[in-house]
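Reviewing the structure listed below.
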Amino acid sequence: MQNIHAPKNIQELQQRCQQINGQTLGQLATALQFNIPADLLHAKGWVGQLLEAALGATAASKAMPDFPDLNIELKTIPINAQSKPLESTYVCSVPIKNSMQSWRESWVYNKLKHVLWIPIISNPELTIQQRIICAPIFWQMPEDIEEILRTDWEELMEMLQLGYAQKLSAKFGTYLHIRPKAANSRVLIDYVNAEGELTKIVPKGFYLRPSFTQAILNNYLAQQKTLSVSQYTVSDHNS
DNA sequence: AGCTGATCATAT
DNA sequence: ATATGATCAGCT
């Protein structure tokens, strides 16, 4: 596996997903000549970048889908052997200064409209190289889900526009919520609060709660499919 | 144990 | 500084 170009069509992308389905991250990293980090603390984006390389996602691009020609976004989901998401999913940064957009114009909607989810069995007791790539989930945002996301997004953006960023905690939002997104909490940007005063806040990002990705996984599993072709069968429910 | 706030690396 | 890719880790 080498010199991977951008997939020309969705069939080609599906084929590539099939080729890595069931492989360990160690196997894939070796094939792509990626160095395997000792831990993810100092390599938090490593898994995503490995999968990007394997599938021919356009690397180092900005404000674009991972597969621009196909208009598909790639997201890895760390899950345990019971197919439970272990983390939330980062979507994009929150536009603080921009004037109000409509939902359909928003970055959140356009990033999440078509997503290729790739679950990775990532139990903490598994070393990085032992972690297993599962079957791909090609997903298009259903209408009922869109309504929930749209409502979340509109409420969150309204709070920001009205100057209530300080009160806007991660507790708001059914599926979509807002959390800090910065190198650290000392990174600050300008923000006009509800009183019209110029203040500073930590840059923020949109994230999807684990309950959101759990619903996607459950729906997929309900179609009599398994997430992995390896000896590690995700559909086995125990402990 | 799950959630929320904080944090890490790299590229442009 | 801000975008990409996320996971860490303290607190409830």
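In what follows, chains carry the letters A, B, and so on, assigned in the order in which the sequence lines appear, proteins first and then strands, with residues in each chain numbered from 1.
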Close side-chain approach of Ile201(A) to Gln166(A), heavy-atom, < 4.5 Å: yes
Interatomic distance where CD1 belongs to Ile201(A) and C1' belongs to dA6(B) [whole Å]: 15 Å
Over all atoms of both residues, closest heavy-atom pair of Val115(A) and Trp117(A): CG1-CE2, 3.4 Å
Interatomic distance, Phe67(A) CZ vs dT4(C) P [rounded to whole Å]: 15 Å
Spacing of Ile120(A) atom CD1 relative to dA6(C) atom P, expressed in whole Å: 9 Å
N or O in side chain of His42(A) less than 4.0 angstrom from dC8(B) OP1/OP2: no
Presence of Trp107(A) side-chain N/O under 4.0 Å of dT4(C) phosphate oxygens OP1/OP2: yes
No-H, no-angle donor-acceptor pair, Lys181(A) side chain to dT4(C) base, under 3.5 Å: yes
Earlier contact from the 5' end, DNA chain C, for Gly48(A) and Val187(A): Val187(A)
Separation of dG5(C) C1' from Leu25(A) CG (nearest whole Å): 14 Å
Closest to the Pro180(A) side chain, choosing from dA6(B), dC3(B), dC8(B): dA6(B)
Sugar-phosphate, base or nothing in reach of Leu86(A), heavy atoms under 4.0 Å: nothing
Sugar-phosphate only, base, or nothing, as touched by Lys204(A) at under 4.0 Å among non-hydrogen atoms: nothing
Length of the line joining Asp190(A):CG and dA1(C):C1', which is rounded to integer Å: 12 Å
Pairwise side-chain contact, Ile36(A) with Leu25(A), heavy-atom cut-off 4.5 Å (strictly under): no
Heavy-atom closest contact (Ala165(A) atom, Tyr191(A) atom, distance): N-OH, 3.1 Å
For DNA chain B, the residues among residues 169-176 of chain A that have a non-hydrogen atom under 4.0 Å from it: Ser169(A), Ala170(A), Lys171(A)
Separation of dT2(C) C1' from Asn184(A) CG (nearest whole Å): 15 Å
Whole angstrom value for the distance that separates P of dT10(B) from CD of Gln49(A): 9 Å
Closest approach of Val187(A) to Pro203(A) (non-hydrogen atoms, all atoms of both residues): O-CD, 3.3 Å
For the student: nearest non-hydrogen atoms of Pro7(A) and Leu55(A), plus distance: CD-O, 3.5 Å
d(CD, Glu52(A); C1', dA6(C)) in whole Å: 11 Å
side-chain N/O Arg186(A) vs dT7(B) OP1/OP2, d < 4.0 Å: yes
Annotated protein contacts, base or backbone, on nucleotides 7-12 of chain C with a non-hydrogen cut-off under 4.0 Å, one of B, S, - each: BBS---
Heavy-atom closest pair, residues Ile121(A) and Cys134(A): CG1-SG, 3.5 Å
Salt-bridge present (Glu146(A), Arg104(A); N to O < 4.0 Å): yes
For Arg131(A) against Ile120(A), the heavy-atom pair lying closest together: CB-CG2, 4.1 Å
Approximate separation, where rounding is to 0.5 Å, of Phe212(A) CZ and His177(A) NE2: 12.0 Å
